[in-house]
Amino acid sequence: MEVTQQQLINIMPNARSQAGVFISALNTAMSSHRIDTPKRIAAFLAQVGHESGQLRYVRELGSDQYLSKYDTGSLAVRLGNTPQADGDGQQYRGRGLIQITGRDNYRRCSLGLFGDERLLALPQLLEQPQWAAESAAWFWNQNGLNELADRDQFNSITRRINGGLNGLQDRLQLWARARAVLCQPSV
């Protein structure tokens, strides 16, 4: 099942022209990672919509002070960044439509997408539409989110992506729109 540009705009009205930039990349990425039923696509697009500000952001926003949480301390270590204040927090900030974050996640994503570690040297590749979409679909597949989408376990999907339920209301609104657009019974 392919999503049209108009369907994407109906789900994410704030995407506007970005829908045209991302539609082909999203359809390719979803197809290659078995995000291929209305329920799976609706849940995926709702999460992507929230994480990317409706396709407007493929790089985590934040000041150096905000991003320093990824550079030193326990969160940095958990993400595989070096414990020294050396810029890992900036370099491996969230990127892509689901915000791949941290050196370890960049390495895993790179191996999954390219079979090598190029994202460690070129993390900004995840800001390009093709790789922003592919990284999101790769993350979705790696975390077993199709199966959760099949069972309508949206809060569990949110926890796997976000670690909690941050932005749940926005995610639920996007999911409701996506289901209304994609999951209509045939007449």
Side-chain angles (χ1 to χ4, degrees), residues 3 8 11-12 14-15 22 25-26 29-62 66-81 88-89 92-113 119 123 126-127 131-183:
V3 175
L8 195 56
I11 296 165
M12 301 180 208
N14 294 334
F22 280 97
L26 279 166
M30 288 187 299
S31 175
S32 67
H33 292 279
R34 296 182 16 253
I35 306 166
D36 53 8
T37 67
K39 285 175 100 168
R40 290 175 179 188
I41 294 169
F44 178 75
L45 291 177
Q47 294 291 346
V48 160
H50 176 77
E51 291 290 318
S52 68
Q54 297 191 27
L55 306 179
R56 292 176 296 169
Y57 307 107
V58 291
R59 186 175 109 150
E60 185 173 13
L61 303 175
Y66 171 80
L67 293 168
S68 70
K69 69 182 182 180
Y70 300 142
D71 207 27
T72 59
S74 61
L75 178 58
V77 170
R78 216 169 49 242
L79 291 170
N81 294 342
D88 273 4
Y92 303 115
R93 66 176 26 179
R95 285 190 176 87
L97 293 176
I98 284 191
Q99 304 288 310
I100 303 296
T101 307
R103 183 182 195 85
D104 282 351
N105 290 320
Y106 273 78
R107 179 182 292 112
R108 280 193 285 278
C109 182
S110 192
L111 290 169
L113 296 180
L119 287 178
L126 294 186
E127 296 177 34
W131 302 118
E134 284 290 340
S135 66
W138 169 85
F139 179 91
W140 186 269
N141 190 45
Q142 289 298 301
N143 285 280
L145 301 182
N146 276 332
E147 293 74 19
L148 294 177
D150 291 343
R151 296 191 308 265
D152 293 321
Q153 293 183 345
F154 195 76
N155 287 0
S156 296
I157 293 169
T158 300
R159 283 186 184 95
R160 289 209 186 152
I161 290 171
N162 180 262
L165 294 174
N166 294 335
L168 184 61
Q169 275 314 114
D170 181 57
R171 293 172 201 268
L172 288 171
Q173 289 170 353
L174 287 161
W175 190 39
R177 276 200 300 267
R179 286 181 297 162
V181 169
L182 301 171
C183 300

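Note that these values count all heavy atoms, side chains included, but never hydrogens, waters or copies made by symmetry.
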Among D170, L45, N166, which residue meets the side chain to side chain contact (heavy atoms under 4.5 Å, CB included) test with H50?
D170

Looking at D71 and D88, would you say the former's side chain and the latter's main chain have a donor-acceptor pair under 3.5 Å?
yes

One should read off an interatomic distance between I11 CD1 and R177 CZ, to the nearest 0.5 angstrom, of 9.0 Å

Are side-chain heavy atoms of H33 and F44 found at a separation under 4.5 Å?
no

Can you see which heavy atom on I100 is nearest to which on L126, and at what distance?
CB-CD1, 3.9 Å

Would you mind listing every ring-ring contact (aromatic ring centres under 6.0 Å, His included) that reaches into residues 144-166, with sequence neighbours excluded?
F154-W175

In the structure I gave you, are the side-chain heavy atoms of L79 and R103 within less than 4.5 Å of one another anywhere?
no

Given side chains that start at C-beta, do those of I157 and R171 come closer than 4.5 Å, heavy atoms only?
no

Determine, for D152 against K39, whether the closest basic-nitrogen to carboxylate-oxygen distance falls under 4.0 angstrom.
yes

Side-chain contact test, heavy atoms from C-beta onward, threshold under 4.5 Å: evaluate it for F22 versus L97 and give yes or no.
yes

State, yes or no, whether a side-chain contact exists between Y92 and N105 at a heavy-atom distance under 4.5 Å.
no

Please assess L55 against V48 for the test side-chain contact (heavy atoms from CB on, under 4.5 Å), listing each intermediate value before the final yes or no.
CA-CA 8 Å; L55 306 179; V48 160; 4.0 Å; yes

Please give me the minimum heavy-atom distance between N141 and R34, naming the atom from each residue.
OD1-NH1, 4.0 Å

I need the minimum non-hydrogen distance between W131 and L113, along with the two atoms involved.
CE3-CD1, 4.1 Å

Non-hydrogen atoms of I35 and I41 that approach each other most closely:
O-CG1, 3.3 Å

Less than 4.5 Å apart, side chain to side chain, heavy atoms only: is that true for L75 and R78?
yes

Is V3 close to V181 at the side-chain level, that is, under 4.5 Å between some pair of heavy atoms?
no

For N14 versus Q54, what's the shortest heavy-atom pair and its separation?
N-OE1, 2.7 Å

Can you check whether T158 reaches Q47 side chain to side chain, under 4.5 Å on heavy atoms?
yes

Can you list everything that forms a side-chain hydrogen bond (donor to acceptor under 3.5 Å, both in side chains) with R107? Sequence neighbours excluded, please.
D104, E117

Separation of R40 CZ from L182 CG (nearest 0.5 Å):
14.5 Å

Distance in Å, L111 CG paired with Y106 OH, rounded so as to fall on 0.5 Å steps
14.5 Å

Looking only at heavy atoms, which two atoms of A137 and M30 are closest? And how far apart?
CB-N, 4.5 Å

Just verifying a value: how many Å separate E127 CD and S135 OG, rounded to the nearest 0.5 Å?
10.5 Å

Of all residues at least two apart in sequence or in a different chain, which pass the side-chain hydrogen bond (donor to acceptor under 3.5 Å, both in side chains) check with Q99?
none

Taking atom SG of C109 and atom CD of Q142, what is their separation to the nearest 0.5 Å?
9.0 Å

Would you compute the distance between atom CE of M12 and atom CZ of R56 and round it to the nearest 0.5 angstrom?
11.0 Å

